[in-house]
Amino acid sequence: MRVPDPVMSDLQRLLRLASDVVTPEELARRLDEAGRAGRRLRVKFGIDPTFTQVHVGHAVPIRVLRLFQELGHLPVLIIGDATARLGDPTGRNEQRPPLSAEEVEHNAATYLDQIGRILDLSAGACEVRRNSEWFGAMDFFDGLRLAAHATVARLLERDDFQQRQDRRLPIHLHELMYPLMQGWDSVMVRADVELGGNDQLFNLHMGRQLQEREGQPPQVCFTTPLLLGTDGRKMSKTYGNHLPLTAPPDEAFGKVMSLADDAMADWFRLLTPLEPEEVEAVLAGHPRAAKARLAREIVAWLHDAEAAAAAEAEFDRRFRDRQLPSEVPELSLPGGERPLPALLKEAGLTASTSEARRLIAQGGVRIDGRAAADPNETVVLGAEAVLVQVGKRRVARLRGS
RNA sequence: GGGGAGAUACCGAAGUGGCCAAACGGGACGGACUGUAAAUCCGUUGGCUCCGCCUUCAGUGGUUCGAAUCCACUUCUCCCCA
């Protein structure tokens, strides 16, 4: 067996996590040059402080950043505070509400806190910048000069804009500037590589273009695959199919178990440290077992191995063996008799009495294990706890006080 | 600046005076099946003191026995022309 050339092997490790790289040859050359010159590559990644909950889909590029870091390079995190403050003035686009300086700072802090679980953010290991640093100093003419670098047709090619055009939704002028701003960030930090999700390729190219015009070597664009959510669609908070980094063990385990089979390979490759051969072996087995393995890996990553084992035991108990969760929340309500729908609503198990009635009619409500059939039935709440189940997931023990 | 079109429930989209709490599709939820999969099938999807009642169709104010549907104004959007 031949001893692998270290640079090639680094490259392979990186490319394994990539969706598109423009270009792999350039990346190889830079890694090689940096290695020879003893220089760290500046690997840029922009974060948008418009939301605070990071999910495992966001974690993919961050893990690549981490890999770069492990290989001796320097992650450069750009907090897009200037862009976030601008937002989408109509407030309709929930992805881009205009934020106050305080909100931006708060979001950035929580964001960094979560990223810090994956990446070493200490001073020497990582550089954190805010783009207000340079955009704050630019005047209107500087902005216009920047705008002169791109054509409208080009900017409108973006998928998001295309869709809004088709659906006749508003596109604001300043939104067209976002790619340019992001590109300018690359110029200002002299990025060697920029990371981003698959949908970011256009913006990353913009960075290349601007750097070239400014006489800098154009950055390598490195995009990571978009992770599929638990329902097989692109993972996104708006679809509710995301797994937050901060999800408690039981929830995380359950979400992974409800993942589509086809998504498992990507999840293994992008979110676990397993080697390719091992992933293959696991996937060759029973899908249920493979997914359980995946769920353990994910929970162990987000929490620890112990939490993973406990979460699996709890999951099996509840859903495989169809038993009650080991810990059923207890709730004390004013004692006395009341109609079942009112009780469900009061206990927060349903959103309304109407919903409760529907669920009862559909056989989704159980009292002490017995299916309730009559929406008009009443329940007496006393010292003795009543076990109430709504669907498969909502359970509580209620007692009167 | 001028002209035209439009704003309907979580989303998309019908409905253009009573039969509309509002078709249909997606999503979501419940049930069956299961590997809590996926797919499939059935059902539900404004609220309530629920076989009846109450509040919704951008906002405000009108017309009418009666308005999501007609009129006026307001706000927002899209398209075309300049």
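Proteins get letters first, then strands, A, B, ... in listed order; numbering begins at 1 in each. What's counted below: heavy atoms across the whole structure, side chains too, no hydrogens, waters or symmetry copies.
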Taking only the [atom1] atom of each, what is the distance from [N] to [M] in whole angstrom?
{"N": "B/A39", "M": "B/C33", "atom1": "C1'", "value": "11 Å"}
{"N": "B/U64", "M": "B/A72", "atom1": "C1'", "value": "16 Å"}
{"N": "B/U74", "M": "B/A9", "atom1": "P", "value": "24 Å"}
{"N": "B/A13", "M": "B/A67", "atom1": "P", "value": "27 Å"}
{"N": "B/U69", "M": "B/C57", "atom1": "C1'", "value": "10 Å"}
{"N": "B/A21", "M": "B/G52", "atom1": "P", "value": "13 Å"}
{"N": "B/U56", "M": "B/G15", "atom1": "C1'", "value": "16 Å"}
{"N": "B/U8", "M": "B/U55", "atom1": "P", "value": "23 Å"}

Just how far, in rounded Å, is [atom2] of [N] from [atom1] of [X]?
{"X": "A/Leu349", "N": "B/G30", "atom1": "CG", "atom2": "C1'", "result": "15 Å"}
{"X": "A/Glu314", "N": "B/U36", "atom1": "CD", "atom2": "P", "result": "14 Å"}
{"X": "A/Arg293", "N": "B/G35", "atom1": "CZ", "atom2": "P", "result": "22 Å"}
{"X": "A/Arg357", "N": "B/G43", "atom1": "CZ", "atom2": "C1'", "result": "18 Å"}
{"X": "A/Leu344", "N": "B/G30", "atom1": "CG", "atom2": "P", "result": "13 Å"}
{"X": "A/Leu324", "N": "B/U36", "atom1": "CG", "atom2": "P", "result": "17 Å"}
{"X": "A/Leu343", "N": "B/U49", "atom1": "CG", "atom2": "P", "result": "13 Å"}
{"X": "A/Lys392", "N": "B/C29", "atom1": "NZ", "atom2": "P", "result": "11 Å"}

Does a salt bridge link [X] with [Y], judged by any charged N lying under 4.0 Å from a carboxylate O?
{"X": "A/Arg399", "Y": "A/Glu330", "answer": "yes"}
{"X": "A/Asp316", "Y": "A/Arg288", "answer": "yes"}
{"X": "A/Arg318", "Y": "A/Glu314", "answer": "no"}
{"X": "A/Glu297", "Y": "A/Arg293", "answer": "yes"}

Counting side-chain heavy atoms from CB outward, which of [options] is closest to [X]?
{"X": "A/Phe319", "options": "B/G46, B/U36, B/C50", "value": "B/U36"}
{"X": "A/Arg393", "options": "B/C50, B/U44, B/U36", "value": "B/U36"}
{"X": "A/Arg288", "options": "B/G35, B/U44, B/U77", "value": "B/G35"}
{"X": "A/Phe315", "options": "B/U36, B/G47, B/C50", "value": "B/U36"}
{"X": "A/Asp261", "options": "B/C48, B/G30, B/G35", "value": "B/G35"}

Under 3.5 Å for both donor-acceptor distances, Watson-Crick or wobble: does [N] have a partner, and if so which one?
{"N": "B/G1", "value": "B/C81"}
{"N": "B/G27", "value": "B/U45"}
{"N": "B/C76", "value": "B/G6"}
{"N": "B/U36", "value": "none"}
{"N": "B/A68", "value": "none"}
{"N": "B/C51", "value": "none"}

Distance-only donor-acceptor pairs under 3.5 Å for side chains of residues 339-346 of chain A, two or more places apart:
residue  : atom : partner  : partner atom : Å
A/Glu346 : OE1  : A/Arg338 : NH1          : 2.7
A/Glu346 : OE2  : A/Arg338 : NH1          : 2.9

**Prompt:** Is any side-chain N or O of A/Ser352 under 3.5 Å from a base N or O of B/C48, one able to act as donor and the other as acceptor?
**Reply:**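 Flag unset: no donor-acceptor pair detected.
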**Request:** Indicate, yes or no, whether a donor-acceptor pair under 3.5 Å links the base of B/G43 to the side chain of A/Gln362.
**Result:**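 Under the 3.5 Å cut-off, the side chain and the base do form a donor-acceptor pair.
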How would you label the contact of [X] with the nucleic acid (heavy atoms, under 4.0 Å): base, sugar-phosphate, or nothing?
{"X": "A/Arg320", "result": "sugar-phosphate"}
{"X": "A/Arg358", "result": "sugar-phosphate"}
{"X": "A/Arg394", "result": "sugar-phosphate"}

**Request:** Give me the ring orientation class for A/His58 and A/His55: parallel if the planes are under 30° apart, tilted from 30 to 60°, perpendicular past 60°.
**Result:**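 Plane angle under 30°, so parallel.
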**Item:** Parallel, tilted or perpendicular: rings of A/Phe222 and A/Phe68 (30°, 60°)
**Value:**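 Taking A/Phe222 first and then A/Phe68, their aromatic rings stand perpendicular (interplane angle over 60°).
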**Message:** Would A/Arg63 and A/Trp301 count as a cation-pi pair here, with the cationic atom under 6.0 angstrom from the ring centre and within 45° of the axis?
**Reply:**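 Output yes; distance and angle both within limits.
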Listing time: all N or O pairs from protein to nucleotides 78-82 of chain B that are below 3.5 Å?
residue : atom : partner  : partner atom : Å
B/C78   : O2'  : A/Arg168 : NE           : 3.4

**Asked** Is the shortest heavy-atom distance from the side chain of A/Glu278 to the side chain of A/Thr272 under 4.5 Å?
**Response**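 SC-SC contact between A/Glu278 and A/Thr272 ruled out.
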**A/Thr353 side-chain N/O to B/U49 phosphate OP1/OP2 under 4.0 Å** =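 Looking at the OP1 and OP2 atoms of B/U49, one of them is under 4.0 Å from a side-chain N or O of A/Thr353.
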**Request:** Using only side-chain N and O atoms of A/Lys291, determine if any of them is under 4.0 Å from OP1 or OP2 of B/A38.
**Result:**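 Indeed not, no polar side-chain atom of A/Lys291 lies that close.
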**Message:** For the backbone of A/Gln219 and the side chain of A/Gln211, can you confirm whether one donor and one acceptor N or O come within less than 3.5 Å of each other?
**Reply:**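 Judged by distance alone, yes, a pair lies under 3.5 Å.
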**Request:** Please tell me which of A/Gly254 and A/Leu359 maps to the more 5' nucleotide of RNA chain B, matching each residue to the nucleotide holding its nearest heavy atom.
**Result:**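 Upstream on the strand: A/Leu359.
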**Prompt:** Given that A/Gly363 and A/Phe253 both sit by RNA chain B, which one's nearest nucleotide is further toward the 5' end?
**Reply:**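 It is A/Gly363 whose nearest nucleotide is closer to the 5' end.
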